[in-house]
Each structure stands twice: as C-alpha cells, then as structure tokens.
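Below is one structure, written out as structure tokens; comments come after it.
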There are 2 protein chains.
Amino acid sequence: MDVTSFFRLSYGIYAVCTADKGKTNGYIANTVFQVSADPPLLAVSCSKDNLSTQMIRNSGKFSVSVLTEQSSPELIGMFGFKSGKQEEKFKSFPFFTGKLGIPILTKDAAAWFECEVVNQLELETHILIIGKVHDCEILDESATPMTYAWYREFRRGLSPKNAPTYVDPSLKKDEPAAKISTKRYQCIACNFIYDPAIGDPDGGIPPGTAFEDIPDNWMCPVCGASKDMFEEIV
Amino acid sequence: MDVTSFFRLSYGIYAVCTADKGKTNGYIANTVFQVSADPPLLAVSCSKDNLSTQMIRNSGKFSVSVLTEQSSPELIGMFGFKSGKQEEKFKSFPFFTGKLGIPILTKDAAAWFECEVVNQLELETHILIIGKVHDCEILDESATPMTYAWYREFRRGLSPKNAPTYVDPSLKKDEPAAKISTKRYQCIACNFIYDPAIGDPDGGIPPGTAFEDIPDNWMCPVCGASKDMFEEIV
C-alpha cells in the first residue's frame, strides 16, 4: 500500500462554521462534497476531537464558505491551526449571520452554503455530517476556488493530524524509518508546530530533520513566517 | 438560492469499478473522498439507479481509479455515459484483477484504490458507500489528476442526470424559463444526448436552443464528435 496515492484525490478548501449557545466557531476542511442532488445535500467529514464538530452536532447547523486561491495565510492559520477553545476566530474576519442563525465567513470566499444537519455517520476517527442546503450564494464570480492540490503545491500546506486526509509520513513507501530528534518548534505567528518526526516534505525537509538543520531561508508552511519566528516547545 | 454555487465545490474524476456474479462493471464518479484517516476509509456517493451501485452493494467491494487530464474521451464516454446493462465496459480498456477479485482500471489512471464496503448511508437519490482501503498504488507519478473544474472547462463535460452534482439548468438564477423545443439528438460515437431543455451551457449553447440552431462547428461535449455525428431520437 502506497499511502501517497491518497494525495491524488482532489478536494477544495473550505471554512466550515457554526454557532452554539452564543459562541461562534469554525475550522478549515477539505472533505466537503455534494452527496445528493434533490434535495441538495452536502457532506462534511469532521474529526471527533474538533470543538466545531461538537458544536455542529449540538446546534444541528453549519455553513460552508468556499475559499479562493487568494485566501490569506492568516485566515487559514486562524481557522485551520488554532482551536476555538482558545480563540474567538471571527474577531478579525468579516462574516454575516445567515437565516439559520449561524455565522457565514465572507472573507476570501467565492461562495457559501447554509445547511441543516439531517444525518450523521460515525466512522472511526471522524463523523460524516450530512446537511440539507437551505441557502447558497456566489460571492465572487471571478475568483478561483482553492484546491487542496494547489494549497499543497503553492502554499505547502500540511494537513493537521486530525484531518481525515492526514497521512502519517512514516508510512510512506520506500522511506526508511529515520533517526528522529525530538525538539519541536512552534510558529509564533500561526501556531504551526514543526515536528522533526514529520519534517516538511512539501517544503523539501524530509522526516527526521532537526529544526536546527533546516536552511535559514525555510518558511512556515502555513503562514510563510521566517524560521526565526519559531520558538522551541518546552 | 443560487445553485451555480455548487460548481464552486472541487472534485476529482474517478472510475469506480466492481464485479458481481462474474460480471464486471464501472462508472465515472466525482464524489470520491477520504473520510477517515486510521484506518483509511473512502466514501463514494452512488446513484440508486446505477447498475454499478447494485453490484457494489451485492459484492461489498469496489475499486477507484484516479483519472488524469490525459484521459481519453472514449473512456469517459464508455464508463460515464453508457450503461453496463448494454455494454461490457472493460472490453476495450486495460485493467487488472486486484486481491479482492474486482477489476481495477489502469487505463488513463494516476493511482488506484481497492476497497471493502464497511458502511452505507441512504440519502434521498443517492447512497453513500464507505469502503475500507485494502490496497492502493501510484500508477503514474507525473500525471496530473483530472479535476471536475478542469473537465468542465477543457472538456465541457456535463454531469449525467443521476450524478449527485447534477444541477437542473432551469433552476439557475436569473435565467428565465425558455420556450423549449423537444427534439432530442444523440451522439452516435458516445451516446451523449443533446436535450434542448438543457442546452450545452458550457459550450455556449443556452437552454432552450433547438439542435438545428446550434452552430455547425459545435462539438459533442463528451467525446468531441462533430455535429453531423448526432441523430434524432425518435
């Protein structure tokens, strides 16, 4: 089994948002897709660990904003790599409240959907949530939706470990288990964590590379911060 | 609700294949995606009307081949627009039989997956089938997987009416109901049906255009055959 095969599946990049008990939240997802035509249903695969997942299950509602190739690293850093337990994610990004009473992110979005949960399927590490689309609109006719392949190629994005599409680099074919140093470093701009066991393969840094051995011109794969913006996690 | 919003969701293009009771079959899908990381699970949204869907439910097995931008119109015409009730779809295309005993299409494929059905969810017009990946391999490292957006832009592909992502053109925003002529024509090369009620919006032919009024340089949106390759359906 060559797990890099999974990188040949195509996805978009979306902000999936909700509100519950007066709190708003959201996260970045790639596994959003239409699963039925009439009525139109969207499916989203959510990690059981995510705060947003619990909030969507409680409120029974979620929105999907289709992010564009112009989406800012700050937005992806905030919604994709920080937790709503610590952050009010919407504080710096424009949104509006839809008919279902949940926030719909409009920043960097080509289109949006507002959905009511009609079904759920528990799947190992994830829950597949099915939503009936109540409303949807185009925000930017000319914007190109960001694809996961584009994000990997041009932004060198990595899936967080709780994404359904996370692939353990140690399972990659023909890559021997590397001797791994254990010091992890965190980007102070976006909180991305550099883990030597994972490296930054998309940025040319193979698994097993100590942070100290990364070239000085390397940049944070999430937000583009320079190497000196990283601090050791102690 | 502006249903063209659904065109902003990103998908790949896949051949989903199976075998049951000695017969092989397959169809073209865009809604294939990874829904859980460990163990890796793939989900496929299948029309209840498809013969392949019934065969996958009977056999409990399916394969997914990731089609590339070089995929031939003949392959998409055969697997996407013809029925296994009339055709032996594999007769002209290379494949091999995987460990689970089902055909895996290798023609025009960047990678493949072999899956065992572990769950199913009935959703209105479609069934979401969840498969545990038993094996997967890369076939062509350098090939670019075809995306649905690319297919729509460069091949002017249309979703068949039983696709989960089919959008009824008559629902498109700001398009008044057109006076519709009823004569339908079929491509003798790939069986694509030109329906004046639908037109060929991606090819510049708005809904409500009679076949006779289409410019002579128009081509079949599926296989590229010329206009004179179409015959009236009587």
Side-chain angles (χ1 to χ4, degrees), chain A residues 1-14 30-43 45 47 64 66 110-113 118-119 121-126 128 130 133-139 143-149 159 161-168 173, chain B residues 1-14 30-43 45 47 64 66 110-113 118-119 121-126 128 130 133-139 143-149 159 161-168 173:
Chain A
M1 185 183 292
D2 180 353
V3 295
T4 63
S5 306
F6 288 97
F7 295 139
R8 269 61 179 184
L9 302 174
S10 298
Y11 304 93
I13 301 282
Y14 309 95
N30 58 348
T31 51
V32 173
F33 39 90
Q34 188 178 357
V35 289
S36 188
D38 186 23
L41 302 178
L42 292 190
S45 180
S47 167
V64 173
V66 180
W112 59 263
F113 302 83
V118 293
N119 218 324
L121 185 61
E122 296 230 6
L123 296 167
E124 308 288 348
T125 55
H126 286 68
L128 200 61
I130 314 292
V133 177
H134 275 249
D135 204 0
C136 56
E137 291 296 340
I138 300 284
L139 287 171
T144 303
M146 187 189 286
T147 65
Y148 188 54
S159 290
K161 282 196 171 176
N162 61 356
T165 48
Y166 175 75
V167 171
D168 183 347
K173 195 186 178 187
Chain B
M1 185 184 293
D2 180 352
V3 294
T4 63
S5 306
F6 288 97
F7 295 140
R8 269 62 180 185
L9 302 174
S10 298
Y11 304 93
I13 301 281
Y14 309 95
N30 58 349
T31 51
V32 173
F33 38 90
Q34 188 178 357
V35 289
S36 188
D38 185 23
L41 301 178
L42 291 189
S45 180
S47 166
V64 172
V66 180
W112 59 263
F113 301 84
V118 293
N119 218 323
L121 185 61
E122 296 230 6
L123 295 168
E124 308 288 348
T125 54
H126 286 68
L128 200 60
I130 313 292
V133 177
H134 276 248
D135 203 359
C136 56
E137 291 296 341
I138 300 283
L139 286 171
T144 303
M146 188 189 286
T147 65
Y148 188 55
S159 290
K161 283 197 170 176
N162 60 356
T165 48
Y166 175 75
V167 171
D168 183 347
K173 195 184 177 187

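The structure presented is a predicted model; accordingly, all values stated were derived computationally and were not measured. To find a chain, count down the sequence lines: A is the first, B the second, and so on, and within it residues start at 1.
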*Is there a side-chain contact between B:Ser45 and A:Phe33 (heavy atoms, below 4.5 Å)?*
no
If I take atom [atom1] from residue [X] and atom [atom2] from residue [Y], how far apart are they, to the nearest 0.5 angstrom?
| X | Y | atom1 | atom2 | result |
| --- | --- | --- | --- | --- |
| B:Glu124 | A:Asp38 | CD | CG | 8.0 Å |
| A:Arg8 | B:Leu139 | CZ | CG | 10.0 Å |
| B:Leu9 | A:Tyr11 | CG | OH | 14.0 Å |

*Could you tell me which of B:Ala111, B:Gly12, B:Ser5 has the largest number of non-hydrogen atom pairs under 4.5 Å with chain A?*
B:Ser5
*Interface residue of largest heavy-atom contact number with chain B, from A:Pro39, A:Pro145, A:Cys136, A:Ala143, under 4.5 Å*: A:Cys136
_Minimum heavy-atom distance between B:Thr125 and A:Ala37, given as atom pair plus value_ = OG1-N, 3.6 Å
*Could you pull out the closest heavy-atom pair between B:Glu137 and A:Met1, with the gap in Å?*
OE2-N, 3.8 Å
Quick check on [X] against chain A: is it the side chain, the backbone, both or neither that has a heavy atom closer than 4.5 Å?
| X | value |
| --- | --- |
| B:Leu123 | both |
| B:Ile130 | side chain |
| B:Ile138 | both |

*Test side-chain hydrogen bond (donor to acceptor under 3.5 Å, both in side chains) applied to B:Asn119 - qualifying residues, sequence neighbours left out*: none
*Please flag which part of A:Ile13 lies under 4.5 Å from any non-hydrogen atom of chain B: side chain, backbone, both or neither.*
neither
*With only heavy atoms counted, which part of A:Val118 is less than 4.5 Å from chain B, the side chain, the backbone, both or neither?*
neither
_If the test is side-chain contact (heavy atoms from CB on, under 4.5 Å), which one of A:Asn30, A:Val32, A:Thr147 qualifies with B:Ser10?_
A:Thr147
